[in-house]
Amino acid sequence: MVEIKTDAALEAMREAGRVVAHALAAVQEAAAVGVGLRELDGVARDVLDKAGARSPFLGYHPSFAPAPFPAVICASVNDAVVHGVPDGYRLRDGDLVSVDCGAVLDGWTGDAAISFTVGAADPADLTLIETTRRALDAGIAAAVTGNRVGDISHAIGQVARAARYGMPADLGGHGIGRRMHEDPHVPNRGRPGRGFPLRHGLVLAIEPMLMAGGRDAYRTAPDGWTLRTADGSRAAHIEHTVAVTEDGPRILTLP
Ligand code: MG
Ligand code: MG
């Protein structure tokens, strides 16, 4: 069931989104060669704690997972696409890192992700990140009243395909509100003019995941959580929580 939010709810979600943005900024600021993924998780935890926010990631236990998620961020490095578990890994020169974070404040949820490089970047990684950013921007631009979810999906997919990147077929964005994952599903590819109609008060997490190797295949790592590209190529993942409004798309996960 799709829940349309009141304007008061949108304002509350904006505050939750602000906490997510601050946590991600702090994580990127702290990320450097030699820094451990658990340290980055601690940085995000501090931001959530100080804001009085709860993590929707910590303890999350969907049916596919062998154990509850142990952290407040997903940290997906290099060939990891999404759902990377912060473990003992320490960042190395040239790593491509995608960090996903959520926050629940006053019962409302924000969800966003960033991708960045550490140390000396491979130009190919910067292009992958920039293209993922463009795919997200295109998806957000399509999140207007009168459009349908398929218009967002199509806009994202067009950018990825034009750049010959792969995308995990069955992963995508989602409605969001009191729960992190609500209807509708927002695929990262699709036909324009199809799917749920967009209207004022619909809030969506829009999140392209692009894989440099150009294939759509991925695999689940032995930890049962981390999804990696099947070909070992690198991946990027960038996400915002976005409200459809009569005044156009409103990004809720900005600082
Ligand atoms: Mg997310
Ligand atoms: Mg999400």
Side-chain angles (χ1 to χ4, degrees), residues 1-5 9-24 44 48 53-58 60 62 69 72-74 76 81-84 98-105 107-115 132-133 135-144 147-157 159-160 167-168 170-190 195-196 198-210 227 235-245 248-255:
M1 197 191 82
V2 175
E3 189 201 357
I4 300 299
K5 276 73 181 178
L10 295 187
E11 292 311 317
M13 291 189 73
R14 174 73 184 96
E15 294 313 309
R18 204 184 302 276
V19 175
V20 175
H22 288 156
L24 289 173
L48 265 59
R54 177 177 73 74
S55 170
F57 290 19
L58 186 66
Y60 184 60
F69 197 77
V72 307
I73 60 169
C74 298
S76 305
V81 188
V82 288
H83 303 168
S98 298
V99 177
D100 196 340
C101 185
V104 181
L105 188 69
W108 295 98
T109 315
D111 184 13
I114 55 175
S115 288
T132 308
R133 165 69 58 189
L136 174 60
D137 290 347
I140 292 172
V144 296
N147 269 359
R148 288 173 179 262
V149 165
D151 293 296
I152 297 173
S153 307
H154 180 70
I156 292 169
V159 172
M167 283 189 297
D170 52 340
L171 301 179
H174 48 91
I176 178 168
R178 291 197 174 274
R179 287 173 299 124
M180 182 163 61
H181 294 127
E182 296 184 351
D183 290 335
H185 179 57
V186 184
N188 284 329
R189 68 188 75 189
F196 192 82
L198 307 183
R199 59 179 193 264
H200 182 90
L202 179 66
V203 185
L204 303 171
I206 303 176
E207 48 182 312
M209 306 149 196
L210 271 48
L227 303 184
H237 171 223
I238 310 182
E239 174 180 26
H240 269 309
T241 296
V242 179
V244 178
T245 83
R250 182 181 177 200
I251 301 173
L252 301 180
T253 37
L254 289 175

If you round to the nearest 0.5 Å, how far is [atom2] of [Y] from [atom1] of [X]?
{"X": "E3", "Y": "R179", "atom1": "CD", "atom2": "CZ", "answer": "8.0 Å"}
{"X": "I238", "Y": "L24", "atom1": "CD1", "atom2": "CG", "answer": "11.0 Å"}
{"X": "L202", "Y": "T245", "atom1": "CG", "atom2": "OG1", "answer": "11.5 Å"}
{"X": "L136", "Y": "H240", "atom1": "CG", "atom2": "NE2", "answer": "6.0 Å"}
{"X": "M209", "Y": "D100", "atom1": "CE", "atom2": "CG", "answer": "8.0 Å"}
{"X": "E239", "Y": "C101", "atom1": "CD", "atom2": "SG", "answer": "10.0 Å"}

Could you check whether any side-chain N or O of [X] sits under 3.5 Å from a backbone N or O of [Y], counting only pairs where one atom can act as donor and the other as acceptor?
{"X": "R189", "Y": "M167", "result": "yes"}
{"X": "S98", "Y": "S115", "result": "no"}
{"X": "K5", "Y": "E11", "result": "no"}
{"X": "R14", "Y": "L254", "result": "yes"}
{"X": "R148", "Y": "G195", "result": "yes"}
{"X": "H237", "Y": "I114", "result": "no"}
{"X": "N188", "Y": "E207", "result": "yes"}

Are the side chains of [X] and [Y] in touch, meaning some heavy atoms are under 4.5 Å apart?
{"X": "P255", "Y": "H22", "value": "yes"}
{"X": "D183", "Y": "F196", "value": "no"}
{"X": "I156", "Y": "I206", "value": "yes"}

(request) Salt-bridge test for E15 and R18: reply yes if a basic N is under 4.0 Å from a carboxylate O, no otherwise. (result)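 Judged by the 4.0 Å cut-off on N to carboxylate O distance, E15 and R18 do form a salt bridge.
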Identify the two heavy atoms, one from [X] and one from [Y], that lie closest to each other, and give their separation to 0.1 Å.
{"X": "P249", "Y": "V144", "value": "CD-CG1, 3.7 Å"}
{"X": "V149", "Y": "P184", "value": "CG2-CG, 3.9 Å"}
{"X": "W108", "Y": "G177", "value": "CE3-C, 3.6 Å"}
{"X": "V20", "Y": "G102", "value": "CG2-C, 3.8 Å"}
{"X": "F57", "Y": "D111", "value": "CZ-OD1, 3.9 Å"}
{"X": "A142", "Y": "N147", "value": "O-ND2, 2.8 Å"}

(message) V203 vs T241, test: side chain to side chain contact (heavy atoms under 4.5 Å, CB included). Steps then yes/no.
(response) CA-CA 7 Å; V203 185; T241 296; 3.5 Å; yes
(request) Could you give me the CA-CA distance, side-chain angles and deciding distance for L171 and L227, then say whether side chain to side chain contact (heavy atoms under 4.5 Å, CB included) is met? (result) CA-CA 11 Å; L171 301 179; L227 303 184; 3.6 Å; yes
